[in-house]
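Computed over heavy atoms, backbone and side chain alike; hydrogens, waters and symmetry mates excluded.
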Amino acid sequence: MGFPEVRAGAHSAQGLRSNNEDRYVADTDREVFLVADGMGGQEFGEQASSMAVEIIPHAVQVHLDAHGDPHQAVMQALFDANRAILDASRHQDVGRRMGTTAVVAVRRDDQFYVAGLGDSRAYLIRGEYVEQLTIDHTIADALARNGALTPEQARQSPYRQVLYKFLGCDDLSDSAEVRPFTPQKGDRLVLASDGLTNFIAPDDLITGAARHTDPQEWANELVTLALERGSNDNVTCVVVAFS
Ligand code: CA
């Protein structure tokens with residue numbers, strides 16, 4: 001049985017915000033997919049997420065070609081983007097920091113490799129099964145993983161949006177995990193910013209995947225749904241369909 005056909009769709013909406021700091025890549029030729037959610041206010045967030053989408057797809061290819069190990073290649077690409085964003089941040093004379101989340105998926109041979117920094121997420125949907133492939137690098141989520149907060153307390157916590165890992169942070173040494181998976185026919189991979197994931201439940205992903213064969217139509221619908229449910233953030237997703 002051959003590798004499934006890979007198709008993709010993507011959509012990003014500014015929503016109620018004055019600018020759109022989300023960026024994405026949905027490149028079926030290079031088979032790299034990415035969502036980045038910039039922060040820093042004014043133009044800084046846009047600059048950081050733009051750098052992420054420029055640097056990571058190219059860097060991951062360079063590192064794959066150089067030494068082949070996909071875990072290392074993905075991590076190195078994230079380090080490259082982190083360094084570039086930190087350098088750019090230091091050159092801002094107003095002393096403002098900028099940063100961005102990044103969730104990336106790239107194919108190597110018969111596997112996809114997924115990694116995330118920050119609170120943008122990757123979900124794998126396979127029939128009635130949904131798995132979040134990334135963890136949220138928020139303070140509240142870390143406290144919940146330690147057992148210091150219940151999941152419900154974490155959802156109410158003032159730290160639920162405070163990130164401790166992202167691109168543009170000083171220390172990425174203890175960095176993101178790279179999660180491999182082997183796509184099967186019928187699988188969907190969804191990458192999304194928190195403007196979407198805060199308003200879309202796993203059940204929505206199961207029913208949506210069953211209803212949409214066209215990844216672009218589904219991406220449009222997911223963004224519309226998040227906005228209809230009251231998301232006041234930028235809303236972005238990339239949908240990858242394996243058929
Ligand atoms: Ca956001």
Would a single hydrophobic cluster contain both [Y] and [X], if residues Ile, Leu, Val, Met, Phe, Trp and Tyr are joined by side-chain heavy-atom contacts under 4.5 Å?
X	Y	value
Met39	Ile85	no
Leu86	Phe44	no
Leu64	Val25	yes
Met75	Val32	yes
Val223	Val240	no

Q) Parallel, tilted or perpendicular: which fits the ring planes of Trp218 and His212, with parallel below 30° and perpendicular above 60°? A) parallel
Q: Fit a plane to each ring of Tyr113 and His71, take the angle between them on a 0 to 90° scale, and name the class: parallel (under 30°), tilted (30 to 60°) or perpendicular (over 60°).
A: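 Ring orientation, 0 to 90° scale: perpendicular.
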Do the charged groups of [X] and [Y] touch, with an N to O distance under 4.0 Å?
X	Y	answer
Asp22	Arg17	no
Glu46	Arg23	yes
Asp141	Arg145	yes

Using modelled atom types and a 3.5 Å cut-off, is there a donor and acceptor pairing between side-chain atoms of [X] and backbone atoms of [Y]?
X	Y	answer
Asn82	Leu167	no
Arg107	Asp109	yes
Glu177	Ala115	no
Arg188	Ala209	yes
Asp87	Ala84	no
Ser231	Gly195	yes
Arg108	Pro70	no
Arg160	Ser157	yes
Thr101	Ala36	no
Asn234	Asn19	yes

Q: Test Leu34 against every option in Val60, Val103, Ile56 by the side-chain contact (heavy atoms from CB on, under 4.5 Å) rule and name the one that passes.
A: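 Checked Val60, Val103, Ile56 against Leu34; only one passes side-chain contact (heavy atoms from CB on, under 4.5 Å): Ile56.
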Q: Using side-chain contact (heavy atoms from CB on, under 4.5 Å) as the criterion, point out the one residue from Leu189, Val35, Val190 that pairs with Val238.
A: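 One option only clears the test, and that one is Val35.
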[X] side, atom [atom1]; [Y] side, atom [atom2] - distance, nearest 0.5 Å:
X	Y	atom1	atom2	answer
Gln156	Thr150	CD	OG1	9.0 Å
Thr182	Phe3	OG1	CZ	8.0 Å
Tyr123	Leu191	OH	CG	11.5 Å
Phe79	Ile55	CZ	CD1	14.5 Å
Thr100	Gln47	OG1	CD	11.5 Å
Asn220	Gln216	CG	CD	4.5 Å

Q: Show your reasoning for whether side-chain contact (heavy atoms from CB on, under 4.5 Å) applies to Tyr164 and Val162.
A: CA-CA 7 Å; Tyr164 63 93; Val162 182; over 6 Å; no
If I compare all heavy atoms of [X] with all of [Y], which pair ends up nearest, and what's the gap?
X	Y	answer
Ala59	Asp80	CB-OD2, 3.6 Å
Thr197	Asp194	OG1-CA, 3.2 Å
Gly99	Phe166	CA-CD1, 4.2 Å
Ala26	Ala8	CB-CB, 4.4 Å
Met98	Ala88	CE-CB, 3.3 Å
Pro215	Arg7	CD-NH1, 3.5 Å

Q: State, without any angle test, whether Ser12 and Thr236 hold a side-chain donor-acceptor pair at a distance under 3.5 Å.
A: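 Ser12 vs Thr236: donor-acceptor pair found between side chains.
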Heavy atoms, side chains only, cut-off 4.5 Å: are [X] and [Y] in contact?
X	Y	result
Leu225	Leu196	no
His11	Val239	no
Leu117	His137	yes

(Q) What verdict does the side-chain contact (heavy atoms from CB on, under 4.5 Å) test give for Ile206 and Asp203, after you've listed the backbone C-alpha separation in whole Å, the side-chain angles of each residue and the deciding distance to 0.1 Å? (A) CA-CA 5 Å; Ile206 293 168; Asp203 279 351; 4.2 Å; yes
Q | Sequence neighbours excluded, every pair satisfying salt bridge (Lys or Arg N to Asp or Glu O under 4.0 Å) that has a member inside residues 208-219 | A | Arg211-Glu221
Q: Could you name each residue pair satisfying salt bridge (Lys or Arg N to Asp or Glu O under 4.0 Å) that touches residues 111-121, not counting sequence neighbours?
A: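 Passing the test, one end in residues 111-121: Arg121-Asp136.
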Q: Begin with the C-alpha distance, continue with both residues' side-chain angles, and end with the deciding distance and a verdict on side-chain contact (heavy atoms from CB on, under 4.5 Å) for Leu163 and Thr138.
A: CA-CA 4 Å; Leu163 303 182; Thr138 66; 3.7 Å; yes
(Q) Under the criterion side-chain contact (heavy atoms from CB on, under 4.5 Å), I'd like the reasoning laid out for Asp204 against Phe199: C-alpha separation, chi angles, the key distance, then a yes or no. (A) CA-CA 10 Å; Asp204 298 317; Phe199 294 86; over 6 Å; no
(Q) Can you confirm if the NZ or CZ of Arg126 lies within 45° of the ring axis of Phe181 and under 6.0 Å from the centre of its six-membered ring? (A)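 Verdict for Phe181: no cation-pi partner in Arg126.
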